[in-house]
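To find a chain, count down the sequence lines: A is the first, B the second, and so on, and within it residues start at 1.
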Number of protein chains: 2
Amino acid sequence: MPAAARLDDTLAALADPHRRRVVELLRERPRRAGELAEGAGLTAAAMSRHLRTLRRAGLVEETSPDFDARVRVYQLRPEPMVHLLRWLEETERMWSEQLSAFKAHVERAD
Amino acid sequence: MPAAARLDDTLAALADPHRRRVVELLRERPRRAGELAEGAGLTAAAMSRHLRTLRRAGLVEETSPDFDARVRVYQLRPEPMVHLLRWLEETERMWSEQLSAFKAHVERAD
DNA sequence: GATATAGTTGCCGTATGCGTTAAATATTTC
DNA sequence: GAAATATTTAACGCATACGGCAACTATATC
């Protein structure tokens, strides 16, 4: 269960608006499952499934407070997003190189 | 058809490994549809669908060279990825703020 | 110990995604 | 103008995603 951090899972997990909403709620602070369900306007069952997806993608981490073991608190795990960030930055970088190469080419042709 | 750039479409488009492969091929240079199909190990038909998806997400742009109108050349369009990048950076930013707030809290408790 | 609370899981129906093969479209080439 | 080339579209099958509701598990409360 050491969090895949594979781009596939990360992107698929983030591709759902409800799950992105969860991420947006969690980036403010950790929250309980029920809180997330309410905040996203979903039933507890539906949210539970989304949380499982996010957990499997390594995007969130689940813990229980010791004062109430029924509750599950979810917290963000940034690693997968950092990984995705890097892939995007690399793409950006190469694209702009491509651009300047093209510009140079045009200028040579002038 | 001015390219949605909505996170939903961007993420869904990038969540497929074949389509990510296309992006990786295109970040080097523009390429013809057939070249992309070969480079990703897909039939022309399958690739055509992926390209449609990428086009609808605004991630690629299609043009035809004037010397052969049968050919379609695809090129990267970074806008949607930049948008996604910003969302991820914002998430990162807020997460680290959350972290330091927590740290400060713990230190106060000491 | 009975009941309430917090969440998860099973099952179902519907919707959507992806690849394949077979046409269809458009344009070049001979 | 007939045959070849580059790519897209159509029709089909299969797998998977998502939500709803009901049942289930585990823990807390009275």
Side-chain angles (χ1 to χ4, degrees), chain A residues 1 4 6-23 25-26 29-75, chain B residues 1 4 6-26 29-75 80:
Chain A
M1 45 215 64
R6 297 190 53 211
L7 288 182
D8 255 9
D9 301 335
T10 308
L11 285 159
L14 294 178
D16 180 279
H18 288 139
R19 287 192 292 263
R20 265 202 319 285
R21 174 75 179 136
V22 168
V23 170
L25 289 168
L26 291 185
R29 59 188 149 84
R31 298 185 193 249
R32 312 176 358 165
E35 212 181 333
L36 293 169
E38 189 186 359
L42 287 179
T43 62
M47 179 52 72
S48 179
R49 292 177 187 294
H50 284 303
L51 289 172
R52 190 211 301 193
T53 301
L54 288 166
R55 217 181 311 125
R56 286 184 176 161
L59 283 162
V60 303
E61 193 175 345
E62 179 198 278
T63 56
S64 274
D66 24 323
F67 58 86
D68 191 341
R70 289 172 302 180
V71 169
R72 322 246 169 134
V73 172
Y74 285 90
Q75 197 185 350
Chain B
M1 37 226 59
R6 297 191 54 210
L7 288 183
D8 255 10
D9 300 335
T10 307
L11 285 159
L14 293 178
D16 180 277
H18 287 139
R19 286 192 292 263
R20 262 198 325 282
R21 173 77 178 135
V22 168
V23 170
E24 286 175 357
L25 288 169
L26 292 185
R29 59 188 149 86
R31 299 187 194 249
R32 309 170 6 159
E35 212 181 332
L36 293 169
E38 188 186 0
L42 288 179
T43 61
M47 179 51 71
S48 180
R49 287 186 176 292
H50 284 303
L51 289 172
R52 190 211 301 194
T53 302
L54 288 166
R55 216 181 311 125
R56 286 185 176 160
L59 282 162
V60 302
E61 192 175 347
E62 178 198 279
T63 56
S64 275
D66 24 327
F67 57 86
D68 190 342
R70 287 172 305 180
V71 170
R72 321 243 170 138
V73 172
Y74 285 89
Q75 198 186 349

Walk me through it: do A:D16 and A:H50 pass the test side chain to side chain contact (heavy atoms under 4.5 Å, CB included)? CA-CA 9 Å; A:D16 180 279; A:H50 284 303; 3.7 Å; yes
[X] [atom1] to [Y] [atom2] distance, which is reported to the nearest 0.5 Å:
{"X": "B:L54", "Y": "B:T10", "atom1": "CG", "atom2": "OG1", "answer": "10.5 Å"}
{"X": "B:L36", "Y": "B:R32", "atom1": "CG", "atom2": "CZ", "answer": "10.0 Å"}
{"X": "A:L26", "Y": "A:E35", "atom1": "CG", "atom2": "CD", "answer": "9.0 Å"}
{"X": "A:L14", "Y": "A:R20", "atom1": "CG", "atom2": "CZ", "answer": "7.5 Å"}

Identify, residue by residue, the members of residues 15-23 of chain A with a heavy atom below 4.0 Å from DNA chain D, and return them in order of residue number, or none.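 Those residues whose heavy atoms fall under 4.0 Å from DNA chain D, taken from residues 15-23 of chain A in numerical order, are A:D16, A:H18, A:R19.
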What residues from residues 31-44 of chain B pass a heavy-atom cutoff of under 4.0 Å to DNA chain D?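 Heavy-atom cutoff 4.0 Å gives B:R32, B:A33, B:G34, B:A44.
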Are [X] and [Y] close enough that some pair of their side-chain heavy atoms sits under 4.5 Å apart?
{"X": "B:V71", "Y": "B:S64", "answer": "no"}
{"X": "A:V60", "Y": "A:Q75", "answer": "no"}
{"X": "A:L51", "Y": "A:R72", "answer": "no"}
{"X": "B:P65", "Y": "B:V73", "answer": "yes"}
{"X": "B:E24", "Y": "B:R19", "answer": "no"}

Which residue in the set B:E61, B:R31, B:E62 passes side chain to side chain donor-acceptor pair (under 3.5 Å) when paired with B:Y74?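 Among the candidates, only B:E62 passes.
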Hey, where on DNA chain D does chain B first and last touch, going 5' to 3'? Cut-off is any atom under 4.0 Å from a heavy atom.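 Taking any atom under 4.0 Å from a heavy atom of chain B, the span is D:dT5 to D:dA11.
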Taking [atom1] from [X] and [atom2] from [N], how many angstroms apart are they, rounded to a whole number?
{"X": "A:D8", "N": "C:dG17", "atom1": "CG", "atom2": "C1'", "result": "14 Å"}
{"X": "A:H50", "N": "C:dG7", "atom1": "NE2", "atom2": "P", "result": "16 Å"}
{"X": "B:R49", "N": "C:dT21", "atom1": "CZ", "atom2": "P", "result": "14 Å"}
{"X": "B:R52", "N": "C:dG19", "atom1": "CZ", "atom2": "C1'", "result": "14 Å"}

Just to be sure I understand the rule, does A:A45 reach a base, reach only the sugar-phosphate, or reach nothing, if contact means heavy atoms closer than 4.0 Å?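 A:A45: base contact, heavy atoms under 4.0 Å.
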Please figure out whether B:R72 or A:D68 has its closest DNA chain D nucleotide nearer the 5' end.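 Closest to the 5' end, via its nearest nucleotide, is B:R72.
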When the nearest nucleotide of DNA chain C is assigned to A:L51 and to A:R70 on a heavy-atom basis, which residue is associated with the more 5' position?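 Nearer the 5' end of the strand: A:R70.
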